[in-house]
Amino acid sequence: MNSQMMSAPAPMMLTRIYLREAGYEFLRLLRTPAFALPTLIFPLVFYVMFAIVLPGRWGEFDKSAYLLATYGVFGIMGPALFGFGVGLAMERENGLLALKQVSPMPTGAYFFAKIAMSQCFGLAVVILLSIAGVGFGNVEITLDRWLLLVAVLLLGTLPFCALGLWMGTLLKGQTAIAIVNLVYLPMSVLSGLWMPLFAFPQLLQKAAVIWPSWHLAQLALGVVGQVEGVRYGLHVGVLLVTTVLFLSLAAMRLRGR
Amino acid sequence: MRTLPLIAVASAVALAALLVLSAPTPPPAQVAAKAPAPPSEFVITDVRVFDGETTWPNADVRIKDGRITAIAEQLEWPGELAVVDGSGKTLLPGLIDAHVHSWGDARQQMLRFGVTTALDMFSDPAQLQGFRRDRESLATTDRADVWGAGALVTAKGGHGTQFGMAVETYDDVAQAPALVESRIAEGSDFIKFVVDDGHAYGDHHDLPTLDAPRIEALLAATGASKQMAVAHVAQVETGLAVIRAGAEGLVHVFSDRLASSEEVAVMAESGAFVIPTLTVISGLGGQSIGQSISEDADLSPLLDAAQRDTLRAAFPPQFQRATHVSNGFGNVAALQRAGVDILAGTDAGNPGTAHGASMHGELELLVKAGLTASEALRAATALPAKRFELLDRGRIAVGHRADMLLVDGDPTVEIGATRRIVTIWKNGTPVSRAPVAKAADKAGPQLAKVDSPFDGKTMETSQGQLWAPSLDSIIGGKSSAVLALQDEGNTSFMQVGGTVAIGAPYPWAGAALLVGKPPMSPTDASRLTELSFRLRGDGRKLLVMLLTGNNSQAPAMRRVTSTKEWQTHRLALADFQGADLTRLRAVAITASLPAGEFAFDLDDFELR
């Protein structure tokens, strides 16, 4: 890529560049209501509706705690998939990517900015959900468990950043929004993020393992104590390998140009 | 770079492998559901059998499709039949509790302790059709079968009307035939009536009760309809009077004094039976066995929280008299010696009892009163079946229902062995004995002091909890209540007014304070000791209720009388019998029967 031909800037300047790019990306997203509002509001609204206004239990799951974990996953997926998937696709289409590539900004800053923004919005959603859950939904969670949940969810954005990135290299502009939605919503439902899988046919229950969101949800549910016997190592392994797989696929596409 | 495709392929393969490993394990519930169904045909071998009347030292018993098909000292059977080894154990017919009051999950609790059939002496008549349907079926079930009296027959204001259940009262002899017809139409299997003026509990107790003409008319009507009539009595005089008039049996032993030998002879000649209910007689005599039942090593692990609550409860002190015990036990001994049929019944549902578990206590008390262990077992099996014509129960005999109890040891010699239950069969299927875990058994968050001065603009406590109308409409009643803040001079208070209407079994209307957040959630009030409030009203007796435990638990209550002038009432929380203060949901102050309009004012309410 063009940046390889540039001499590496001094470290101080590098940090400033990274942070600036991140800052501008943040501003851009904030000024895109079509992104910012659904990302922040949808998970919160659904959570309030299904966990707080209609509280109760699903078998051995406590609804408000269960949904805090799973809507947390749903909430961090959005910024990652849309930020990368749609963001990259649109930038490829409208030439902004090419502009950034010929600029002195290192590629790293570009990715750092996008990842940082996913994490930022993801964190905002999780905090909003937690306020709703603990304040109004009677969720009982200790501070260290909550911090662990936040850490799990934030780290868990990475596989979706990678998936979004790969999708962004494949899709063009406007179609990206539709396709990303087509992946985001069914994957969320089929991973048991909106309601536990025991309500679904056996085949779909067994197939849930193919969704990275299912694995992340298991981790989150284990942390909030709604599911026993979570195989943390296995799920983390799956998410890690998923990230590597999609990153390499995306890199192949980007380098190939 | 060629490494990229390599990385991509490698991670794809690794991912596939991990996904195969991730296959979700089926939840335990699904695994348990695949357990094999119990066999419908099996043999119990080498077991001592008490068949209801006699003991077989060693026998084999064969069961098929819910009925006993053979019993002999040695049986032959095809090889592939399931076998239960009974060596060292005793097989008994399922126990029959001859005096219960059944509501909620009483029937399930009974079955868990080996009581497979019960005779209900007063409860909601709406249950009667269901009782009949269930006992005619041989399907696998988790509850005991019941024959019931439905609503009891008592005088206006008499014993039975104080529980808040709407009861049609018997005030005039002309009513007798119609009354009996109504009971039969509702589904009563026998008629239970009450002759008790309260004097057995103390001279200051004075209850209206049925007089001789009404008793005669009632027994004439039951005779004409071929219905069995049994009577609740507490005194020797009334016991003899109703037996002479034609009642078939007494559902309590008289305990006001010892009966004379002539009086015992009259009882013996009449052929009447007596259900002593020594469990509650002991409770009324201040010697409740509730504590020892809840601590019994064999029974305790299977008691659920609600049962521990009722075992802990006691009759109000003003009803207790030590002489009940000596009189009751003495009378049972005399009646037994004279040949009167004694049937085992606990009067479960009352304070100091627990359905099923108390039956084992009753058997022990009967032995203490003078019955042999075998006579006590007969009193709990073949004898009630015979007297109440429960045709296919109470005996281990060919054709009878396979309602059975396998216990460790020999209860025909040592009555306590009935508690060492190995297996219970109902309709030929083994019964699960674990109490169903109730999700709401956790204690609530700690409740700090609550005070409600009613000085502001809203009917809220200083801690933000709300007062709301408390109505029986949730159980189908028609009462109404309105709460309003009223000002009077310098102070304000809450006025509660409305109408108590007959409609639900337990009519009530008033005001409730929902102490939990969200409303009706449990709180832990165990550190609080007292509730106090100022009350002014129309002279009615009001009920102060603590709603505790799970949602279906009956509230613990105390009565207060409202006065025309303001009066401060202080009630210790410990005096609310049966309340589980670790799960307090609400406090209610309500009017109950008699029906009609009511009004009272409340101020300065505190829970501290």
Side-chain angles (χ1 to χ4, degrees), chain A residues 1 52-53 55-62 64 135-138 140 159 162 166 191-192 196-198 200 202 204-212 214-215 217-219 227-231 233-256, chain B residues 1-34 434-447 463-466 514-524 550-552 582-585:
Chain A
M1 303 194 53
I52 300 186
V53 173
R57 300 190 71 86
W58 276 316
E60 73 267 20
F61 299 127
D62 173 54
S64 40
F136 301 94
N138 280 321
E140 283 167 13
W166 179 61
S191 305
L197 289 177
F198 61 66
F200 287 54
Q202 278 285 45
L204 289 176
Q205 286 191 44
K206 294 211 176 101
V209 295
I210 61 176
W211 314 117
W214 179 78
H215 291 273
Q218 293 300 105
L219 290 175
V227 173
E228 311 270 296
V230 172
R231 291 172 290 177
L234 181 64
H235 297 308
V236 169
V238 168
L239 292 173
L240 215 57
V241 174
T242 306
T243 311
V244 170
L245 174 63
F246 286 112
L247 272 182
S248 45
L249 287 175
M252 279 163 62
R253 282 204 47 96
L254 287 173
R255 301 228 163 198
Chain B
M1 287 170 61
R2 273 185 309 234
T3 55
L4 262 184
L6 213 57
I7 295 174
V9 170
S11 46
V13 170
L15 187 61
L18 284 173
L19 290 185
V20 168
L21 278 176
S22 313
T25 51
Q30 290 179 334
V31 171
K34 294 196 175 87
V436 176
K438 300 211 170 159
D441 268 51
K442 214 164 60 122
Q446 184 114 125
L447 184 67
Q463 290 75 21
Q465 293 122 328
L466 286 175
L514 308 167
V515 295
K517 292 174 187 163
M520 280 316 274
S521 65
T523 61
D524 185 347
N550 58 42
N551 275 321
S552 58
T582 62
R583 287 182 284 141
L584 177 68
R585 295 171 185 274

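These values consider heavy atoms only, across backbone and side chains, with no hydrogens, waters or symmetry-generated copies. Each chain gets a letter, A, B and so on, in the order the sequences are listed, and its residues count up from 1.
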Exercise for review: Check side chain to side chain contact (heavy atoms under 4.5 Å, CB included) between A:L197 and all other residues, then give those that pass, not counting sequence neighbours.
Suggested key: A:F200, A:Q205, A:A208, A:W214
Point to revise | Options A:L240, A:V241, A:I210, ranked by heavy-atom pairs under 4.5 Å with chain B, top entry | key: A:V241
Check your understanding: If we only count heavy atoms from C-beta on, is the B:L4 to A:R253 side-chain gap below 4.5 Å?
Key -> no
Check your understanding: Can you tell me how far CG of B:L15 sits from OG1 of A:T242, rounded to the nearest 0.5 angstrom?
Key -> 4.5 Å
Review point. How close do B:A8 and A:M252 get, heavy atom to heavy atom, and via which atoms?
Key: CB-SD, 3.9 Å
Check your understanding: In terms of heavy-atom proximity below 4.5 Å to chain B, should A:H215 be classed as side chain, backbone, both, or neither?
Key -> side chain
